[in-house]
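Throughout, a chain's letter reflects where its sequence line sits, starting with A, and its residues are numbered from 1. Note that the structure is a prediction, hence the values are computed from the model and not measured.
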Amino acid sequence: MDIYVSSLPFKLKEAGLKALFETYGEVESVKIIIDKITRQSKGFGFVTMPNEEEAKAAIAGLHGSELEGRILIVSESQQKFQSSVKDSKSKKTSSAYFKGIGKSYRKK
DNA sequence: GTTGAGCGTT
């Protein structure tokens with residue numbers, strides 16, 4: 001499950017984020033978006049957790065928590081897909097799967 | 001050395 005994390009301190013790095021999420025469960029990978037031009041941290045990143053329950057626990061636990069004076073914003077990712085939606089055993093699949101798909105009719 | 005709404009560098 002991919003988790004979107006924002007409002008990160010610019011001084012925070014992937015290791016720190018990983019450590020925070022590892023507190024709530026198993027962390028597969030942590031990715032912090034860095035500007036390709038200036039190589040500066042954009043202040044947000046993504047955390048991938050294999051266990052859904054732990055991911056939710058991490059979101060619930062870290063979302064709104066204060067880190068180095070900044071309030072962390074944690075939620076599930078909405079743009080990338082995880083390999084769990086195609087499985088038929090999950091009827092919920094509450095992931096943002098084709099959530100934003102819509103048709104745009106333009107008239108003139 | 002700086003900044004802060006929002007979804008992915010090399």
Note to self: Using whole Å, what does the distance between atom P of nucleotide B/dA5 and atom CG of A/L72 come to?
What the structure shows: 15 Å

Checklist line | Distance, rounded to the nearest Å, where A/K42 contributes NZ and B/dC7 contributes P | finding: 11 Å

Notebook entry, point to check: When the distance from CG of A/L12 to C1' of B/dG4 is rounded to whole Å, what number comes out?
Noted result: 15 Å

Checklist line | Protein-nucleotide distance (A/R70, atom CZ; B/dA5, atom C1'), rounded to Å | finding: 15 Å

Note to self: Just the rounded figure in Å: distance from P of B/dG1 to NZ of A/K11.
What the structure shows: 15 Å

Next item on the list: Test side-chain contact (heavy atoms from CB on, under 4.5 Å) on A/R70 and A/K11 and set out the steps.
Entry: CA-CA 11 Å; A/R70 274 76 181 182; A/K11 27 189 163 83; 4.0 Å; yes

Next item on the list: Could you tell me the separation between the NZ atom of A/K13 and the P atom of B/dT10, rounded to a whole number of Å?
Entry: 21 Å

Notebook entry, point to check: Counting only N and O atoms by type, is there a donor-acceptor contact under 3.5 Å from the side chain of A/E28 to the main-chain atoms of A/T48?
Noted result: no

Item checked: Closest-nucleotide 5' rank along DNA chain B - winner of A/F10 and A/S6 -> A/F10

Margin query: Run the ring-ring contact (aromatic ring centres under 6.0 Å, His included) test against A/F46 and tell me which residues pass, sequence neighbours left out.
Written below: A/Y4

Notebook entry, point to check: Whole Å only: how far is the CD1 atom of A/I34 from the P atom of B/dG4?
Noted result: 19 Å

Next item on the list: Taking A/S77 for its side chain and A/D2 for its backbone only, find out whether a donor-acceptor pair lies under 3.5 Å.
Entry: yes

Next item on the list: Name the nucleic acid region contacted by A/I71, choosing base, sugar-phosphate or nothing; use a 4.0 angstrom heavy-atom cut-off, strictly under.
Entry: nothing

Next item on the list: Indicate whether A/F44 forms a stack on B/dC7; treat it as stacked only if centroid distance is below 5.5 angstrom and interplanar angle below 30 degrees.
Entry: no

